[in-house]
Structure formats: structure tokens, C-alpha cells
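Report on the following structure.
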Amino acid sequence: MEYNFNEIEAKWQKYWAEKQTFKADNNSEKPKYYVLDMFPYPSGAGLHVGHPLGYIASDIYARYKRHKGFNVLHPQGYDSFGLPAEQYAIQTGQHPAITTETNIATYRKQLDKIGFSFDWTREVRTSNPEYYKWTQWIFTQLFNAWYNKESDKAETIDTLVATFEKDGNANVKAVCDEDITTFTAEEWNAFSNKEKEAILAKYRLTYLSETEVNWCPALGTVLANDEIVNGVSERGGHPVVRKKMMQWSMRITAYAQRLLDGLGTIDWPQPLKDSQTNWIGRSQGASVKFQVENSEDMIEVFTTRPDTIFGVTFMTLAPEHELVSKIVTEDRKEAVEAYIEATAKRSERERQADVKTISGEFTGAYAIHPFTGEKIQIWIGDYVLASYGTGAVMAVPCGDQRDWDFANHFGIEIKNIFDGIDISEAAYAEKDAKITNSDFLDGLNVKKATKQVIYHLEQKGIGEGKINYRLRDAVFSRQRYWGEPFPVYYKDGMPQMIASEHLPVRLPEVEKYLPTEDGKPPLGNATVWAWDTVNNEVVENSKIDDETIFPLELNTMPGWAGSSWYFNRYMDANNENEFVSKEAVDYWKEVDLYIGGSEHATGHLLYARFWQKFLFDLGLLPVDEFAKKLINQGMILGTSAIVYRLSGTNTFVSKNLVKDQKVEELRVDVKLINTSDELDVEKIREWQPQYKNAEFILEDGKYIVGREVEKMSKRWFNVVNPDDICEEYGADSLRLFEMFLGPLEQSKPWNTAGISGVHSFLKKLWRLFHNNNEFTVSDAAPTKEELKVLHQTIKKVDEDIENFSFNTSVSTFMIAVNELQKLKCNKREILEGLVILISPYAPHIAEELWSKLGHKESVSTADFPIFEPSHLVESSKEYPVSFNGKMRFKLELPLDMSKDEIEKVVMAHEKTQAQLQGREPKKVIIVPGKIINIVG
RNA sequence: GCCUUGGUGGCGGAAUUGGUAGACGCGCUGGAUUCAAAAUCCAGUUCCCUCGGGAGUGUGGGUUCGAUUCCCACCCAAGGUACCA
């Protein structure tokens, strides 16, 4: 009976599916544990061996936790809205839903082959109306909420309205738009509905606003920053303009501080926390208002160094700053306008890339220094960003290098306010100098001066201490087809939410997936796309009458909408009445272990935390962080194969024959290479026509290829398909090998050659149970030595899994099997333990052996074996060192010994040593967990 | 530039709170079995040499009886981020 992995794996995969072995129950006496993978976007290319790495790790942990007596939730689903399916639709006309369906089927087939313990009864797809109904519902909740700074949480909008009706808005502390004017209760009550709505919009957590986007008229679409190269579109090279569009935004800035604080409470990787911290970009300082000379206008700036205010010698505004056109003097107008036009042409990316060039223009206007009353020049310069702070800075050339460079370049005064510091060559940005030349700040250090200045600013009513965040509100509209439609229609130009009982608003059918000719989003192509407020439904072929039938929102939601809450949906995936029931979410609470890529650090993982906090504020969720622990799995890289073509010929030389010859390096399919880097010269001739008649110059009768480690990608021909590996070596080998490659978090190259090691390990394991191809185990009692092997393995594997060092436990299995093989051990007790230990890693072979051992139930429900340290008594190691009259040695002792027992053993050891060395035994001092000291 | 992570044989990578560096696997070398191959098993495999040793965990210092591990400085690589006032 050979180890027939294909047969075994198919058999147990079918068994698991039929018995629903991994279906999680929402009611259980057992403690809960929720293990989650970042759900995939089902792309047309299918999975390569890099994708399942994290899934294998989480599956091992999920299976392990089941052995340890936990009720484990381990679901999977698909983030199935997205651009590729839409682009395919634009090219071929095939509906994205069909493309998505096909791709999901492929994914499912591939995933099933690897033997994951997913509970598929809870599968979610973000593009299913039953799912996006609740994404739309959450959107309406955000619309009907505002952020109360007083209670520091989101509240429903009616609490705000009630306050307005009673007291106006003078005492309301909210995170809202900046241009709010104060009104009394009487004024509020006198406003028209439309006026009220306009005001409320400034408070809502999702709101419409004019936002600048990169608009490409030729492609008829909005482009992301990285889709633009040198001011033209990456695809096609069409011109791109900055254009303002009405877009939905999410007021994520309301949560900036809590998103920052929350990081302290979750066990996530430091680099990921750091990048979220940077992204939020909290900086503490002050806002200061500068009066413009001969004008009512004030220029507000944000500074982190208010203490340097006496060093201000000019101000710089972003070219886009709204005051520029107002304050510019007649004689400077031409130059300033030319400069503004020149900057507008450059993309934000270009402006940022070009840090070296110093440019700017004097506006001709002056501001008044708030303390000295001096006139200071107002300049514009593109080193000031309109999107950060107030879009204006008070320039302190002695303390800021950019200001220094600017002043130096344009010959503006550089005033030194640092005591004993030379600023003739560069600005001094350190915070350890005493302030001088600064009136009431003279002689103070930075900290005290800052406090003083803020006090004076507040006294004068022209500034205050302020915390500024880099984080900006998130644009939530996309001019795409394949996304969630908004549950919004427009009445009198004001957005109206569609009530939850009428959701979902389903995606309409369209003829074309491109934007309309008049520049509307693709949904504008729908003939059926208006809302009937009488029957509460999308109406067909009806005219908008602005009485009962209103136009629907034509944008769709971005990719991160559906993925910002899916982890909660898994808890109660088939609930038709709620996004998740209270009972379910109170039971599962949050994800205990989340595994996925670090590329989502400032996207998905930030937005998901935001929505979680929001839903928590409304009392809909019991915890405000959705994932306790998170692990970023590394990327599996491909190992490309390179052939060398002599320049200008069709002759290919083997790697070591290249020497100094001029060659072109071409990548060839890794499937054509054997384990010794040798190219199959016959097969490559059929692979691509250009090799058909090529000449290959061999070394030692072989053509040896070069190797390069790089990202797995079709274009490098280095993609390895897991299906092929499963076919040739089995899923268990694939699982073990992916873990064996190296630490989970690390990026590492794939090399199919190495899989033979884990594969032959599985064959050895199989042979432990088989004698002359007959299944044979002995019921005799195991020897101490055999028990030792098992227990060492239990201890190590248990530790490894808890530490997520799955790679080292594979080595531990190999050592165990080698030792048992040498001991010719086929004792039932030992082998049973081993099977359970291995089952999270190689579940199929474990199930097969388990059932052959006579068990009726699946091994997945078996208890993890318990480590008994008493079996390890004999293992002791010592490291003797003697110095300075002290004797030190380390003894490895069994874990179940008491201090007294240890002392006995150590004294015995010391006696022997003393006897050997012909001296008196010394006193023994036990320091638990440390090297044992024997003091003379 | 800044932040983060890392740097160990031909390769992937082990090494507990500082305690025999290189576990385990790949590859390679030799051997057994075989008509032969596959498969399997056994032995060897950090480097250098004069076969007795010597050097060795990116580089240079330091702490220590003892450092891959801790401290300082530097070099290199990967990821994130950037005129952030």
C-alpha cells in the first residue's frame, strides 16, 4: 500500500464537505476563537503558490485551536467588486458579474484542493446584493450621524438637530466643516428645510463636497495619482486635468485621535502600526492669524514651532490659496498669475518629486507681525501645500531649512533668534537652543517659550494651541460601474437616503460600462435608474418628474467599502434582517487572529478600524477594534530562469560560458527547468517560436540557466500554480513546504526543487505505519526512548504554533520521524500522538492514518496530546566554566522538578565534580531560570 | 532625508532569558541495493591549511568568564513615507 496522496486527499476533502466538519456554531460551551484571512479579490489569473501562504498558516492555527478545545470560526469569502472585471467588461461586453462568478469558481476549486478547514456556509461576496444591502445600510448610518467632540463619539443626527432647536450651535463641539457660522435656536428654527440640510451636511460623517480629481477627458474617467505619468495618462498618454467634482467623502478625520490611540491596544506588527501613525500624522503646535496690511483679511497658519514667531521674516502661501488673487498688487499680478498657471500644470506628484528647485513669487502684499507690528512680505511658493494645514506658513528661515533656502534664494532677511547658534550656512532645526531677540521670550527654552506664545496669542484672540493631522477625509465616490450603488437619490439637489427596508438598491443593467458621452459615470448609461418615492422602488423607463420620481446617485462606492466590515458579517452571514445579530456579535466579538499582506496598512486596515469604531459608537458592536492580533505574511517570490542570447544572433550560450561576451538576458518558463538549473532544450523549441531554430551552446552536455529572484508574475514566466504541485506532490506536501520555506512574516523565494524534502518526509511517515505495504501498528507499551521522542515533539510543536514559527515545527516533525524510524517504532500510542500533532499541517494524511488506527471520528476533533515532562528526566546538559574561584554550570533539568529536587541533583553534580577535581564541594545557590551558581 | 525590518555555508533557513554556531531541508560528494534506472538506506559536506590546528554569524569598537544574541558607530538590502510647516 503506497502513499497515494491524490486518492487520500480527494477522499478526505469530500468527507469534510459532506460531514460539514468545519461548520462553526454560534452557540457553544467552548471558548470561541476567530481566525480570519484577508479575503481575496478573485482575479482571472487564479491562484499562484504565493497566495495560499497566509491561508495555510491561518488554517494550521485554526485546526490547532480546535484540537485545543476552542469553538473556531474560520470563514472565507471574496472581495468581488473591483476594476479588472470592469475593464474586462469594457473590452468584451461581458457582464462583470459573470466574469466574477467564473473567477470565483476557479478560486474555489483551487482552494478546495489545498484542504482548508473553512466554514463555507458563511461565505460572503461583497458584490452580492444580499451583502451590499448592508454596506449601503452602514452608509446611511454614517450619513445620519455626526461626531460629538464632547462625548468623543459619533451620535445620531437627531441629537444634533435637537440641540440646534433648543440652543443653536454656539456650544456644539463637533468635528465638522471649517466654514460653519454660528446661529441661535431661533435662527435655526427659521431656516428652510434646504438651509437646514445644507448645515447638517457639514456635520454628517459622510457628506457631499467639491473635490479635486484627476480627470482624463479622453478616457472619460477619473485617474488615481499613480495612473498619471508626466501629466498624461499612463494608458494612452492622454492629457489629464485637475477638475472639481461633487463627491461623497467620509469624515474619517473625526476618528484621527482614536485611530491613533487604538493602536496601543492591539497586537499588530510594529511597522504596520508605524505606517498608520505616520499616515495619520499628528503634529502639535499652534494656529496663528496674521493680519494682511490695509485689509480685513487674516492669514491663518499652522506651525509646530510657535516659539520661533519672532524669527518670522516673511510668509508663504500655497499658489492655490484663496487669498492670493485678493491680496496680489497690480504690479505683481502678471508674475503671480503666470506662476500659479505654471504650478497648476504640474501634477502633485511632479511638484513633490522636484524638491531641489526653489521657486516662488512675491505678491506685493504685506502682513503685520502680531507682536512686533513689523511689515512682512507675503510670497507664494509651491513648497507650501494647499492640502496640508491651512495652505500657508509663517516662514522662519533661521529655524526651518526650506524657509532658509527660500529666503536665501530670494534675498529675504534671515533673522537669528537662537542664542549662540550660527545660522549663516543653514537653518537650525534642533530644539535645544535658548531663544533670543524675541521680546518676552528672551532667554526661554523651546518648551517654555511655546507655552508663553500660545498664552499671548490666546489673549490677543489671534491664535491658539492646536493639533493638526495629516490624515484627510476619504473620498468615497468612484466613477465606476462594478461597485456598490449608493442608497441615495436627489430631491431639490439635496441627497436623500433610501430607507433600510427598501435596500438593497441593485446595480442597474447598462449597455456600456464606460462613462456616458456627457461625462456622467457609467451608471448614467442605465435606462432604468431613478427612484420612485411612492412605491419605493427603482423605476423602469419612467421620466424623472421631480415630484415623486427622482434621480439616483450615479457614482458607486470604492473597493474598500465592502471590505471595511465583512469580518462582522461572517459571524452571522445569512442574516436577512440585520447586518449582524447582537447575539452573534456578542458571542464572537472580534477577530482573534487576522492574517494578510502589509500592503493594506493605510487602506483597508485603517478604514476598517474607522467603521468598526463608528458602529461601536452607535452601540451596534461590542468592541471598537475589530482584530486583536494581526500578522503580515511575507511574499513568496518567484525564481525566474534566464537564458543568454549572444547579441545580434539566435545563439544561446549556457550560463558559465557567457564570460565577457555581449548577451541579452531573456526569461523563460520555469517549467522548462529541472532541479539542477538545466534547461530542457527540446521543450523550449516548442514553447515559443523564436526558439524553434535557435542554437544552444552547452556546457558538459547541459544548458544551464541563470536565476533571478523576483515577484511572481506572468511576464517573468516564473509563476508556479498550486494545482500542479498538488497534482505531483499532494496538498499536504504543498502545505508543509510553504511553511518550511521560512518564517511566515518574511519574504522568501519559491523553489520547487526543495519540495522533495517534505514529500519524502510524508512518505517516511506513511512507512512508519506500514510494513511490507501492510498497515501494522503494535499495541505494546512504548519504551522510554520512544516516549521521549513523542514528548519532545509535542513540546516543541506546541511552542512553535503558539509563536507562529510554523517553519521550525516542520523540522521537528522530520527529526521525530527519523528517530522513530531508527528506533523501528510502530507503537500505537506514539503514532497516534504524532498523527494529531501533524494534522494541522498535513490534514489529509493525518485523517487517513487516524481512520486506519481505527477511529470513527475525524482527527480534527481529537484532543491535542499533552506534554508530560516526567519523560524527559534523562536529558541533561551541562556547560561548566570556572573562573575567579566561582564555579558556574548550566544544567538542563526536567520541568516538573521542585526547587528542593533541583538542589539535590545539583549538589550531587557538584560532589562528583569536586571529587574529580580533588577539592571540597561548594555551596549551591539556585537561581531559578538562570545559570546555577555555585559559590565557594 | 526620515521611520521600520533585516544582514549567519553553494541555497532556503535553525540556534531558549547571552552558554558546543550552522538544526532541518535542498544541492553536492562517496557508498549500499539494482542488469539498469527510479525509489530507499548509510556516510560526508562553513572556510583555510602543513591534518595539528586556525579563522568564522555585514564592518569597526565595547560590555562579559563567554556575544549570532546586549550597547555604540558605520556599511548594505528590503518595505513604508516625504517640501507635513
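Here the structure is a predicted model, which means the values were calculated and not measured. Numbered from 1 within each chain, the chains take letters A, B, ... in sequence-line order.
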key: Value in whole Å for how far the C1' atom of B:G13 lies from CD of A:Glu745   = 14 Å
inquiry  = Rounded to whole Å, how long is the line connecting atom CG of A:Asp405 with atom P of B:G1?
reply    = 16 Å
ask   = Taking the six-membered ring for Trp, is the centroid-to-centroid distance between A:Phe406 and A:Phe314 below 6.0 Å?
value = yes
query = Taking OH from A:Tyr469 and P from B:A85, how many angstroms apart are they, rounded to a whole number?
reply = 14 Å
key: Between B:C24 (C1') and A:Phe806 (CZ): distance, integer Å   = 18 Å
query = Under 4.0 Å between a side-chain N/O of A:Arg767 and OP1 or OP2 of B:C41, yes or no?
reply = yes
note = A:Asn818 CG to B:C42 C1', in whole Å, measures 13 Å
request  = Indicate, with yes or no, if the rings of A:His759 and A:Phe737 have centres closer together than 6.0 Å.
outcome  = no
ask   = Given atom CZ of A:Arg472 and atom P of B:A82, what is their separation to the nearest angstrom?
value = 9 Å
key: A:Asp274 side-chain proximity, nearest of B:U4, B:C26, B:A82   = B:U4
query = For A:Tyr841, does its backbone N or O pair with a side-chain atom of A:Asp732 as donor and acceptor, under 3.5 Å?
reply = no
inquiry  = With a 4.0 Å cutoff (strictly under), does any side-chain N or O of A:Tyr383 reach OP1 or OP2 of B:A85?
reply    = no
task = Please state whether the phosphate of B:U40, meaning OP1 or OP2, lies under 4.0 angstrom from any side-chain nitrogen or oxygen of A:Lys763.
result = yes
ask   = Of the nucleotides B:G13, B:C83, B:U40, which has the atom closest to the A:Ser760 side chain?
value = B:U40
task = Would you please enumerate the stems RNA chain B participates in, each stem being three or more consecutive Watson-Crick or G-U wobble pairs with both distances under 3.5 Å?
result = B:1-7 with B:75-81, B:10-12 with B:24-26, B:27-32 with B:40-45, B:46-48 with B:53-55, B:58-62 with B:70-74
inquiry  = Expressed as a whole number of angstroms, how long is the span from A:Asn278:CG to B:A82:P?
reply    = 9 Å
Heavy-atom neighbours of A:Glu599 CD exceed 12 at 6.0 Å = yes
Distances under 3.5 Å between nitrogen or oxygen atoms of protein and nucleotides 6-12 of chain B:
from: B:G12; atom 1: O2'; to: A:Leu741; atom 2: O; distance (Å): 2.6

